[in-house]
Amino acid sequence: SQELEQSPQSLIVQEGKNLTINCTSSKTLYGLYWYKQKYGEGLIFLMMLQKGGEEKSHEKITAKLDEKKQQSSLHITASQPSHAGIYLCGADGGTASKLTFGTGTRLQVTL
Amino acid sequence: DTAVSQTPKYLVTQMGNDKSIKCEQNLGHDTMYWYKQDSKKFLKIMFSYNNKELIINETVPNRFSPKSPDKAHLNLHINSLELGDSAVYFCASSRQGAYEQYFGPGTRLTVT
């Protein structure tokens with residue numbers, strides 16, 4: 001079965017700083033999804049990557065899938081308190097109906 | 001407008017009891033899911049239904065039984081609750097074959 005390892009597990013950054021979260025898969029990724037979970041709430045879809053080398057941006061968040069399609073990174077520029085939460089990467093393993101999620105990265109943004 | 005809703009939001013119960021969690025989506029999606037998030041925040045799929053038919057059933061104890069009365073609803077019934085069932089349970093939905101899943105707010109189950 002596919003396993004996704006995220007690093008770091010937790011991160012505390014000062015407001016305005018940049019940060020990067022990594023997601024490494026044990027198998028080739030067919031589709032890689034990034035979700036954000038605010039504390040005590042459900043998951044919110046951020047973006048999906050499918051092609052090796054693909055990069056997508058949404059506001060100040062950029063995600064990239066490496067050429068070999070086994071690792072993805074999520075980069076936040078000029079972090080804000082609203083970015084705080086748990087970031088989860090997910091992979092579909094070729095089947096859209098079944099997502100395997102990573103171990104999660106807890107982000108705190110201090111003032 | 002709430003896209004995916006779950007009830008209740010919190011559930012505290014004793015070991016051995018039977019409880020249900022309800023999920024409804026008003027997005028017109030064909031596929032619905034149940035996920036379990038443990039204390040370490042690890043999120044794992046339990047079940048997936050497509051047009052009221054079970055398509056994914058991960059290694060979940062038989063005490064857990066999903067029921068889909070129609071496309072918009074997927075309920076989760078748990079028999080003989082155990083301490084290890086304490087977790088946050090998330091319902092989600094998506095269009096058939098689509099990758100983007102919409103999640104409900106979660107139900108925090110505490111078994112004492």
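Owing to the predicted nature of the structure, the values given are computational and were not obtained by experimental measurement. The chains referred to below are lettered A, B, ... by the order of the sequence lines, with proteins before strands, and numbering in each begins at 1. Heavy-atom basis, side chains included; hydrogens, waters and symmetry copies ignored.
- Under the disulfide (SG to SG under 2.5 Å) criterion, the residue pairs touching residues 49-96 of chain B are B:Cys23-B:Cys91, with sequence neighbours excluded.
- Atom OG1 of residue B:Thr112 and atom CG of residue B:Leu83 lie 8.0 Å apart, to the nearest 0.5 angstrom.
- A donor and an acceptor atom, one from each side chain of B:Gln6 and B:Thr107, are located under 3.5 Å apart.
- At a 4.5 Å heavy-atom cutoff, the contact between B:Lys9 and chain A is made by side-chain atoms alone.
- Only the side chain of A:Gln37 comes within contact range of chain B, with at least one heavy atom under 4.5 Å from a heavy atom of that chain.
- Between B:Tyr35 and B:Phe47, a ring centre-to-centre spacing not shorter than 6.0 Å is recorded.
- Side-chain atoms of B:Arg63 come within 3.5 Å of backbone atoms of B:Asn79 as a donor-acceptor pair (strictly under, hydrogens ignored).
- Between A:Thr100 and B:Ile45, the closest side-chain pair of non-hydrogen atoms is not below 4.5 Å.
- Annotation: residues 71-88 of chain A contacts chain B through A:Ile86, A:Leu88 [non-hydrogen atoms, separation under 4.5 Å].
- A salt bridge links B:Asp30 with B:Lys71: the closest approach of a Lys/Arg side-chain nitrogen to an acidic carboxylate oxygen falls below 4.0 angstrom.
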